[in-house]
Amino acid sequence: MNRISRLIAVAILMAGNTASVFACLPAPLHHYAKTETRVRERFDSVDSVVLVTLLNVEKIKKKEMEIEIEGERATFRIDRVFKGHARAGDKLILNTFSTCANYVAEWNGRKPLRILSRQWLIYRDQSDMQMPPHDLAQPSDFFAYDVKVLSDLVRVRPNLPR
């Protein structure tokens with residue numbers, strides 16, 4: 001690839017990243033409201049809702065338009081299934097390359113400096129192997145209310161696909 005093509009590729013990538021940053025502004029506060037309506041709507045909008053424990057996290061790279069992008073691969077153990085086809089004990093591997101998604105660690109070069117949370121509640125479509133956006137992947141500091149409502153919801157609606 002010649003120099004001009006590379007410059008154009010970098011400009012396009014930077015423009016795309018700028019657009020994604022603007023698209024990734026924090027979700028409105030009602031996305032975090034402690035209401036049954038929010039939890040039910042979120043539950044109904046995805047294929048899978050699982051409570052997981054982080055087993056491992058590592059830096060990964062991918063190439064887009066000859067530009068290397070760093071990301072993160074998190075391996076989780078599924079502890080509880082509220083919705084979807086997974087089973088407790090299964091592993092779930094999710095990648096993060098987007099500023100819109102949660103990262104599970106803060107990094108110092110190639111080593112995790114700090115793990116943000118060992119336990120996560122993850123709402124996602126089962127075919128998506130990317131860590132979901134901030135309001136759909138909740139660390140342990142934030143998911144207690146959702147887990148309570150989800151437990152009641154699954155108990156009340158036992159015929160839901162799991």
L92 side chain reached by R124 side chain, heavy atoms, under 4.5 Å: yes

Point-to-point distance, once rounded to the nearest 0.5 Å, from CD1 of I115 to OH of Y103: 14.0 Å

Pair E70-W107, side-chain donor/acceptor within less than 3.5 Å: no

Nearest heavy atoms of Q138 and R42, plus distance in Å: NE2-NH1, 2.9 Å

Student check: side-chain heavy atoms of V57 and P112 closer than 4.5 Å: yes

Nearest heavy atoms of A88 and D79, plus distance in Å: CB-O, 3.6 Å

Ionic contact status for R40 with D44, cut-off 4.0 Å: no

Contact check, side chains of L121 and L150, non-hydrogen atoms, under 4.5 Å: yes

Nearest-0.5 Å distance that lies between atom CD in E41 and atom OG1 in T35: 7.5 Å

Reported NE2-to-CG distance for the pair H85 and D90, which is rounded to 0.5 angstrom: 12.5 Å

For the student: nearest non-hydrogen atoms of E64 and K62, plus distance: OE2-NZ, 2.9 Å

Which residues share a salt bridge (Lys or Arg N to Asp or Glu O under 4.0 Å) with R114, sequence neighbours left out: E106

Atom pair OG1/CZ of T53 and R118 - distance to nearest 0.5 Å: 9.5 Å

Interatomic spacing from CG in D47 to NZ in K83 - rounded to 0.5 Å: 6.5 Å

Heavy-atom pair of closest approach, residues F82 and F43: O-CE1, 3.7 Å

pair S151-R80: side-chain heavy atoms closer than 4.5 Å: yes

Minimum heavy-atom distance between N95 and I60, given as atom pair plus value: OD1-CD1, 3.5 Å

Test item: D146 and R38 side chains (from C-beta on) under 4.5 Å apart, heavy atoms: yes

Enclosure of F142 CZ (heavy-atom neighbours >12, cutoff 6.0 Å): no

Closest contact, heavy atoms only, A137 versus M131: CB-CE, 4.0 Å

Donor-acceptor contact below 3.5 Å, side chain S48 vs main chain Q126: no

Neighbour count >12 (heavy atoms, 6.0 Å) for atom CZ, R110: yes

Any Y145 side-chain heavy atom under 4.5 Å of V39 side chain: yes

Stepwise side-chain contact (heavy atoms from CB on, under 4.5 Å) test for Q130 and F97: CA-CA 8 Å; Q130 295 291 316; F97 289 102; 4.1 Å; yes

Full working for side-chain contact (heavy atoms from CB on, under 4.5 Å) between I122 and L94: CA-CA 11 Å; I122 299 177; L94 298 174; 3.9 Å; yes

Worked verdict on V104 versus F76 for side-chain contact (heavy atoms from CB on, under 4.5 Å): CA-CA 11 Å; V104 300; F76 300 95; 3.9 Å; yes

